[in-house]
Amino acid sequence: MMDFKGRTAIITGVGSERGFGAAIAHYMANDGCNIICVNRHVEGAERIAQALHETYGVRTLAIRTDISEFEQVERMIHTAIEAFGKIDILINNAGISERVGIEDLSIEQWDRMMRIDLYGTFYCSKLIVPHMRANHYGRIVTVSSVAGKRGGGVFGSSHYAAAKAGQLGFSKALARETAKDGITVNCVCPGACKTDLGGIRFEEKSVMPEILMGRRGENREVAAAVAFLASEDASYITGEEIDVNGGLHID
Ligand SMILES: NC(=O)c1ccc[n+]([C@@H]2O[C@H](COP(=O)([O-])OP(=O)(O)OC[C@H]3O[C@@H](n4cnc5c(N)ncnc54)[C@H](O)[C@@H]3O)[C@@H](O)[C@H]2O)c1
């Protein structure tokens, strides 16, 4: 049990009950965290925000935001600070994945991947850091992927792997810049889990034998690692990555 009482988190990509975003939101709300659910399609975010409030009694808000649009992220951060006064935690979770071979990978597909998975993380982090610096407290946790470490494969192709690897480098650099201001910046790298990401159905034949634990991950297992890094207990950890992949990749 982690104590998030009095804390408020922005979580991006809270759009479907089956995604990591909802699992992270439930995990942290259960431990007392107020939650701002951000998603491109707001209906799911509103439904989940309502459920969190009713189930755990925490304050919640849903904000429609396309994280690949800087002005929308600016508005979202402004709205969140106006509504809650102080934002303690940012979880960069929203993302897309796609599988397409290099010959067929268009510039548009490459751009779209970078704009959502990498620029979105950059925009949200850039805009929350001044607020966190002013409060001398902040936790930024980004949901990257095993794909950023081992190359995409079944998880997504070269553009996905590049964006996810980009998140890892970005987070480490940001950790260096912000450590003195009470802000920690970390990543979680999930393996094959049970969400609907990019409509990808993992080809059991190709990836299952490589998972030492012989099963896909539960969303809650990813949420637990994210919540830990977002908690006060992780106060001496920054620039770090936690792999949650059942032994699929060990480094
Ligand atoms: N599912 C896995 O096994 C797995 C493995 C490793 C990493 N990840 C990462 O986990 C994160 C969450 O993915 P998921 O598996 O829960 O998939 P998901 O598709 O269920 O959730 C992603 C959410 O992000 C939202 N989103 C997409 N583009 C957006 C945008 N431009 N602006 C705002 N919201 C947007 C979607 O609407 C959706 O609600 C992603 O960053 C993904 O790369 C997933």
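Below, all heavy atoms of this structure are taken into account, side chains as well, without hydrogens, waters or symmetry copies. Model, not experiment: these values are computed from the prediction. Just so you know, residue 1 is the first one in the sequence shown, and it goes up from there. Both ligands and their constituent atoms are indexed starting at 1 by order of listing.
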Check this for me - ligand 1, [X], N or O atoms closer than 3.5 angstrom, yes or no?
{"X": "Gly191", "result": "yes"}
{"X": "Ile67", "result": "yes"}
{"X": "His41", "result": "no"}
{"X": "Gly21", "result": "no"}
{"X": "Asp117", "result": "no"}
{"X": "Ser145", "result": "no"}
{"X": "Asn93", "result": "yes"}
{"X": "Arg40", "result": "yes"}
{"X": "Pro190", "result": "no"}
{"X": "Tyr160", "result": "yes"}

Salt bridge flag under 4.0 Å for residues [X] and [Y]:
{"X": "Glu221", "Y": "Arg215", "result": "yes"}
{"X": "Lys172", "Y": "Glu241", "result": "yes"}
{"X": "Lys149", "Y": "Asp243", "result": "yes"}
{"X": "Arg7", "Y": "Glu232", "result": "yes"}

* Asked: So between Ala163, Ser97, Gly13, Cys193, whose heavy atom ends up nearest atom 3 (O) of ligand 1?
  ->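 It is Cys193 whose heavy atom sits nearest to atom 3 (O) of ligand 1.
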* Could a heavy atom of Phe155 be found less than 4.0 Å from some atom of ligand 1? ->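 For ligand 1, residue contact (heavy atoms, under 4.0 Å) with Phe155 is absent.
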* **Heavy atoms of other groups near Lys126 NZ, more than 12 under 6.0 Å** =>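 Result for NZ/Lys126: open.
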* Cation over ring face, Arg220 and Tyr27, 6.0 Å, 45° -> no
